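In what follows, a single structure is set out as structure tokens and then discussed.
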Amino acid sequence: MIIDVLTELILNAVNAAHLAGEFPLEEMPTAVKLEKPADKAHGDYSSNIALILKKSTGLKDSRDIASRIIKHLPTDGSVIDRIEVAGPGFMNLYLKPDWLHNILLRIWAEDANYGMATNRIGDRVLIEFVSANPTGPISVVNGRAAALGDVLGNLLASQGAVVEREFYINDALNSLQLEKFAASVALRYLQELGHPLSVPSSNPEEADILEPGGADVVLQPQLSFPKDGYRGEYVRDIARAIIAEVGNRFAYPLALEPESMAYFREATLKSMVAAQREALQAFGLQYNNWFYESSLYESGSVDKTIRHLRDREMAYEQEGALWLRSSAFGDEKDRVLVRSNEKATYVAADAAYHDNKFSRGFNHLINIWGADHHGYVARLKAGVAALGYDVSRLEIVLTQMVSLVRDGEAVIGGKRKGNVIELQQDLVDEVGKDAARFYFLLNSYETPATVDVELARRQSMDNPVYYVQYAHARLCSILAKAETAGFALKSPADVNLSVLTHPAELEVLRKLADYPAEIKIAADTYSPHRLTRYARDMASLLNVFYENCRVLSGKEEEVPAEITIARISLADGARRVLRNLLTMLGVSAPEKM
RNA sequence: GCGCCCGUAGCUCAGUGGAUAGAGCGCUUGCCUCCGGAGCAAGAGGCCGUUGGUUCGAAUCCAACCGGGCGUACCA
């Protein structure tokens, strides 16, 4: 990458200047910082090395240091055209135009691999994200983690890591939530068969509502829905699906008998997981694994982990419960592993789960959690450390909260209240996967967000994703038109690129040259939102290019063939990079819109 | 109370310790007989929450304070 080349040149120059007696040097700087100046009048790249060396050299004037370094920098090579000292002592580097043009050769050669790197080869990463409880559909608030996790996976893979995506299903048998959920389904089932059902209003002030049975017949007795039951419409859908499958086999009172619960629990779980999977697929997300918490109990992993912790003397008994010595690992207090009723807590299950993740050969675990779970970070890490793992290999990314708003009013969403705003039904089905994904990737996950679905739908045409896709489609259109006009696409190596001198052309080339560095930074800082920003910038530069630089001759403007051919190369390079970028984001790159 | 996160343009948000703090939306004014106007150009709009500190240099790092969110279970 160009930055590495320049960095090495500068370090060598500093060393050469020192050896030539230009200045004393207490220690060699290890990292030279090169940046792209915001103002292009400050060169293609800019180095602050002279400012940094002020202390180490004992010289007072950074501008003087800079000029002493410059004396030892080669400007006759193929990279640096000229160097200027500016401001308090910045060294502004101007690259040879050749270098910029040659980016097109590299893009041509690497094509879909342009932007890929190898610095994470050997990393085996497991990203676990969304992992919504199987008691309701995937909500729009899950959209942020879904988009983040998926694109983060793409980013790490682009840097050479082997990445797997995993969804953890909290289906533990001692989960009371699942019992209540299954019971809610059973009651809706009976209602569908014809029993009237009295349902508590979601407003505790109001009286219960008596709903008729769903069938033509009216069966007795009349039943009542629990106060803390799950009220969502999707519960009724599951009940209908069960009727489609088994009919009235669980007719009253069988559905409410404890021995039927196992069936309802299993059926609801199966149907909920299928629905979640479908919703995430519609969002463009394909998991490698759907991991069942229950499998940890069934395989004995949880017991094994607890035994393991006891053997390592990381657990002790007190007041009838088994406690993890988490406070020894930075947690504020010790946590219960096994309750006095002998049931294991999720702390034990989570420790077993992460033990399992490591045992599958992953050396880097990433969990994406909502900020409301930040209190659990310390205890999970304590559990992992107590098992003897290096906790730095477990990384927990906390996304800030997504709150829902409808026309300016806060929506207190909830599965029990039954007003879940669904990712698939209420957003993806309305605006499409591309717009929905782009929407969630616009901002940093570290910023709290509010989502107004009504607004998002109404403004979907304003979504910047179309601006970017449009730029891509326009490139494709021009390239197709060029071909019919007799300008077949050819390798940029066979094109005289030096005629690309218009500022709009050079701006596009610079942006294309930045792409690999941009991907690397986005991967290193877990910042997919940098990509959507880059995409918008890229599209904007392309629009300026279209405006100022005609590729093909038109009625009013004749374009010399040599320039047309060079601009075709530029358009094709931009097309490839834009396509790579959109692919990274999981967004389609249409040739027509 | 304690812990974590967030305060940047009217709104939603970018901003790897660097030079004159940016974008989108909204607002004002221009530009369609030409490769896709889902576009382009120009303009108005800021004590970067406050006060100290570190630094050649702070929106960025540190401290305190002021606002807002979240968390502080033998629930997940």
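Each chain gets a letter, A, B and so on, in the order its sequence line appears, and its residues count up from 1. Because the structure is a prediction, the values reported are computed rather than measured.
Backbone-only contact: Ala449(A) has heavy atoms under 4.0 Å from sugar-phosphate atoms and none from a base. Residue Glu591(A) is in base contact, counting any heavy-atom pair closer than 4.0 Å across all strands shown. Counting non-hydrogen atoms under 4.0 angstrom, His529(A) reaches the backbone sugars and phosphates but no base.
rG1(B) and rC65(B) are spaced 10 Å apart, taking the P atom of each and rounding to whole Å. On the P atoms, rC56(B) is 39 Å away from rA42(B), given to the nearest whole Å. As rounded to the nearest Å, rU60(B) and rG53(B) have P atoms that lie 14 Å from one another. Separating the C1' atom of rG7(B) from that of rU12(B) is a span of 14 Å, rounded to the nearest Å. Taking atom C1' on both nucleotides, rG69(B) is separated from rC62(B) by 24 Å, rounded to a whole Å. Annotation: rC48(B) and rA23(B) have their C1' atoms spaced 16 Å apart (nearest Å).
Residue pairs that meet the ring-ring contact (aromatic ring centres under 6.0 Å, His included) test with at least one member in residues 530-552 of chain A, sequence neighbours left out, are Tyr515(A)-Tyr534(A).
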Do any N or O atoms of the protein come closer than 3.5 Å to N or O atoms of nucleotides 24-31 of chain B, and which pairs are they?
| residue | atom | partner | partner atom | Å |
| --- | --- | --- | --- | --- |
| rG24(B) | O4' | Arg536(A) | NH2 | 3.2 |

Polar pairs (N or O, both sides) under 3.5 Å between protein and nucleotides 1-8 of chain B?
| residue | atom | partner | partner atom | Å |
| --- | --- | --- | --- | --- |
| rG3(B) | N2 | His374(A) | NE2 | 2.6 |
| rC5(B) | O2' | Gln400(A) | OE1 | 3.0 |
| rC5(B) | O2' | Gln400(A) | NE2 | 2.9 |

Provide a list of protein-nucleic acid N or O atom pairs under 3.5 angstrom, restricted to nucleotides 53-61 of chain B.
none

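Between Val544(A) and Met91(A), the one whose closest nucleotide on RNA chain B sits nearer the 5' end is Met91(A).
Looking at Asn92(A), its side chain comes within 3.5 Å of the base of rA19(B) through a donor and an acceptor atom.
Applying the side chain to side chain contact (heavy atoms under 4.5 Å, CB included) test to Ala571(A) and every residue at least two apart in sequence or in another chain returns Leu475(A), Leu479(A). Residues passing the side chain to side chain contact (heavy atoms under 4.5 Å, CB included) test with Val495(A), sequence neighbours excluded: Lys490(A), Leu497(A), Ile565(A), Ala566(A), Ser569(A). Partners of Thr57(A) under the side chain to side chain contact (heavy atoms under 4.5 Å, CB included) rule, at least two apart in sequence or in another chain, are Phe23(A), Leu25(A), Leu53(A), Leu59(A), Ile65(A).
The side chain of Lys481(A) contributes an N or O atom lying less than 4.0 Å from OP1 or OP2 of rG36(B).
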Distance-only criterion, 3.5 Å: show the donor-acceptor pairs between side-chain atoms of residues 441-449 of chain A and protein atoms not counting sequence neighbours.
| residue | atom | partner | partner atom | Å |
| --- | --- | --- | --- | --- |
| Ser444(A) | OG | Glu446(A) | N | 2.9 |

Could you list the donor-acceptor pairs under 3.5 angstrom formed between side-chain atoms of residues 84-92 of chain A and any protein atom two or more places apart in sequence or on another chain?
| residue | atom | partner | partner atom | Å |
| --- | --- | --- | --- | --- |
| Glu84(A) | OE1 | Tyr94(A) | OH | 3.2 |
| Glu84(A) | OE2 | Arg82(A) | NH1 | 2.7 |
| Asn92(A) | OD1 | Ser46(A) | OG | 3.3 |

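Under the stacking criterion of a centre-to-centre distance below 5.5 angstrom and an interplanar angle below 30°, Phe90(A) sits stacked against the six-membered ring of rA19(B).
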Dot-bracket notation for RNA chain B is requested: 5' to 3', Watson-Crick or G-U wobble pairs only, both distances under 3.5 Å, with ( ), [ ], | and . as defined. (((((((..((((....[...)))).(((((.......))))).....(((((..]....))))))))))))....
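Between Phe181(A) and Tyr230(A), the ring planes are perpendicular. Angles over 60° get that label, and only those under 30° would be called parallel.
Closest to the side chain of Val551(A), out of rA41(B), rC35(B), rG69(B), is rC35(B).
Side chain to side chain, Tyr292(A) and Glu298(A) fail the donor-acceptor criterion of an N or O pair below 3.5 Å. In this structure, a donor-acceptor pair under 3.5 Å is present between the side chains of Asp334(A) and Tyr316(A).
Scanning residues 436-445 of chain A for heavy-atom distances under 4.0 Å to RNA chain B yields Asn443(A), Ser444(A). Listed by residue number, the members of residues 319-327 of chain A with any heavy atom below 4.0 angstrom from RNA chain B are Glu319(A), Ala321(A).
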